[in-house]
Amino acid sequence: MPRTPFQAALFVAALWATLVLLAPLVGAAEPAGPDPRLASLEATLHTSVNALRRQHGLIELRRDAAIDAVARAHSRDMVARRYFAHETPEGWTPPDRLARGGITDITLAGENVGLTNRGDPNAEIVEGWLASPVHRQNLLAPMFNTTGVGIAQAADGTLYYTQLYVTVPR
């Protein structure tokens with residue numbers, strides 16, 4: 001407890017600085033649902049991925065709203081904390097994030113992430129994933145049957161993409 005006016009002023013300044021710095025992590029500005037433009041990009045990406053899978057004789061991926069929420073949360077987290085990776089700064093992997101999101105009935109999981117600020121973002125993302133052997137493998141893996149897509153936009157306009165691929169037992 002501060003005992004002098006100087007200590008009280010220091011306490012208030014430190015509290016204010018903490019709240020300002022931590023607000024993005026707490027989700028103070030977190031929208032209730034997806035931005036309509038981003039939701040449209042997510043739906044179009046899902047359609048494009050399924051068209052590509054059909055061209056390769058693979059089953060289409062069923063889109064799952066709960067997995068979308070996990071993917072969207074990862075994209076938003078990357079934007080808020082300014083990183084770009086499959087693992088969070090705490091080391092949470094895609095399976096960890098799925099479990100934290102309540103998705104436990106899966107047998108296999110993979111993830112593609114990407115970022116772009118180009119005019120045709122979905123085309124650039126899919127082309128980039130196809131050019132990368134590991135991302136291409138996830139995109140065209142025959143064992144995956146379900147997906148979740150999440151896109152978030154940074155203040156500078158850069159779009160952060162996360163697509164989760166999972167196998168749900170039938």
Side-chain angles (χ1 to χ4, degrees), residues 27 29-88 92-170:
E30 185 85 5
D35 172 285
R37 184 176 82 69
L38 298 179
S40 177
L41 282 172
E42 292 170 356
T44 303
L45 181 75
H46 177 242
T47 300
S48 297
V49 165
N50 275 339
L52 185 63
R53 288 178 63 87
R54 275 193 313 276
Q55 289 173 3
H56 286 83
L58 300 168
I59 64 165
E60 292 187 4
L61 301 173
R62 182 182 63 84
R63 192 162 172 208
D64 182 276
I67 299 171
D68 281 348
V70 173
R72 199 172 291 122
H74 185 58
S75 291
R76 288 177 178 167
D77 186 49
M78 289 190 292
V79 167
R81 298 199 288 166
R82 299 183 178 113
Y83 71 95
F84 178 67
H86 293 285
E87 286 189 12
T88 67
W92 296 336
T93 63
D96 297 329
R97 287 185 276 108
L98 285 161
R100 290 174 62 87
I103 314 297
T104 58
D105 60 339
I106 62 173
T107 57
L108 190 62
E111 176 182 75
N112 284 352
V113 295
L115 57 87
T116 183
N117 58 7
R118 302 274 170 100
D120 189 356
N122 284 351
E124 182 181 9
I125 290 296
V126 172
E127 287 171 17
W129 287 346
L130 286 171
S132 162
V134 173
H135 292 95
R136 181 184 182 91
Q137 184 177 357
N138 282 338
L139 194 62
L140 299 176
M143 66 288 244
F144 292 134
N145 59 21
T146 307
T147 193
V149 180
I151 303 172
Q153 186 168 17
D156 69 358
T158 301
L159 297 172
Y160 285 70
Y161 281 65
T162 302
Q163 183 167 20
L164 289 160
Y165 306 89
V166 300
T167 302
V168 176
R170 298 191 181 213

query: Quick one: CD on Gln55 to CG on Leu140, what's the gap to the nearest 0.5 Å?
result: 9.5 Å
message: Quick check for you: to the nearest 0.5 Å, what is the distance between Trp92 atom CH2 and Leu98 atom CG?
response: 13.0 Å
message: Within the structure provided, determine whether Ser75 and Ile151 are in side-chain contact (heavy-atom separation under 4.5 Å).
response: no
- request: Inspect the contact between Arg62 and Asp64 and indicate whether a charged nitrogen and a carboxylate oxygen are less than 4.0 angstrom apart.
  value: yes
- request: Compare every heavy atom of Arg63 with every heavy atom of Val149, then report the nearest pair and how far apart it is.
  value: O-NH2, 3.9 Å
task: To the nearest 0.5 angstrom, please state how far the CZ atom of Arg37 sits from the CD atom of Glu42.
output: 11.0 Å
task: Look only at the side chain of Thr158 and the backbone of Thr116, and say whether a donor-acceptor pair between them is shorter than 3.5 Å.
output: no
- request: Would you please say whether a donor-acceptor pair under 3.5 Å links the side chains of Asn50 and Thr47?
  value: no
statement: Scanning both residues in full, the closest heavy-atom pair of Pro94 with Leu164 reads CB-CD2, 4.0 Å
Smallest separation among heavy atoms of Ala71 and Gly148, with atom names: CB-O, 3.8 Å
message: Are the side chains of Asn138 and Gln163 in contact, using a 4.5 Å heavy-atom criterion?
response: no
message: Are the side chains of Asp35 and Gln153 in contact, using a 4.5 Å heavy-atom criterion?
response: no
message: Please determine whether the number of non-hydrogen atoms from other residues, nucleotides or ligands lying under 6.0 Å from atom CD of Gln137 exceeds 12.
response: no
field: OG1-CD distance between Thr147 and Glu111, expressed to the nearest 0.5 angstrom
entry: 10.0 Å
query: To the nearest 0.5 Å, what is the distance between CZ (Arg170) and CG (Asn145)?
result: 4.0 Å
- line: Here the pair of heavy atoms bringing Tyr160 nearest to Met78 is CD2-CB, 3.8 Å
task: Calculate, to the nearest 0.5 Å, the distance between atoms CG and CD belonging to Leu130 and Glu127 respectively.
output: 8.0 Å
- request: Could you pull out the closest heavy-atom pair between Val70 and Gly101, with the gap in Å?
  value: CG2-CA, 4.0 Å
task: Examine distances only and state if a side-chain atom of His74 and a backbone atom of Ala85 form a donor-acceptor pair shorter than 3.5 Å.
output: yes
message: Using a 3.5 Å distance criterion without hydrogens, assess whether the side chain of Asp105 forms a donor-acceptor pair with backbone atoms of Val168.
response: no
message: Could you check whether any side-chain N or O of Asn117 sits under 3.5 Å from a backbone N or O of Gly157, counting only pairs where one atom can act as donor and the other as acceptor?
response: no
field: Positive for side chain to side chain contact (heavy atoms under 4.5 Å, CB included) with Phe144, one of Ile59, Leu58, Leu108
entry: Leu108
message: Walk me through whether Ile103 and Val166 qualify under side-chain contact (heavy atoms from CB on, under 4.5 Å).
response: CA-CA 10 Å; Ile103 314 297; Val166 300; 5.7 Å; no
- request: For His86 and His135, work out which heavy atoms get closest and say how close.
  value: NE2-NE2, 3.9 Å
- prompt: Would a distance-only check, ignoring hydrogens and angles, find a side-chain to backbone donor-acceptor pair under 3.5 Å from Trp129 to Val113?
  reply: yes
query: Charged N to carboxylate O under 4.0 angstrom, Arg53 versus Glu60?
result: no
query: Between Ser40 (side chain) and Pro36 (backbone), is there a donor-acceptor pair under 3.5 Å?
result: no
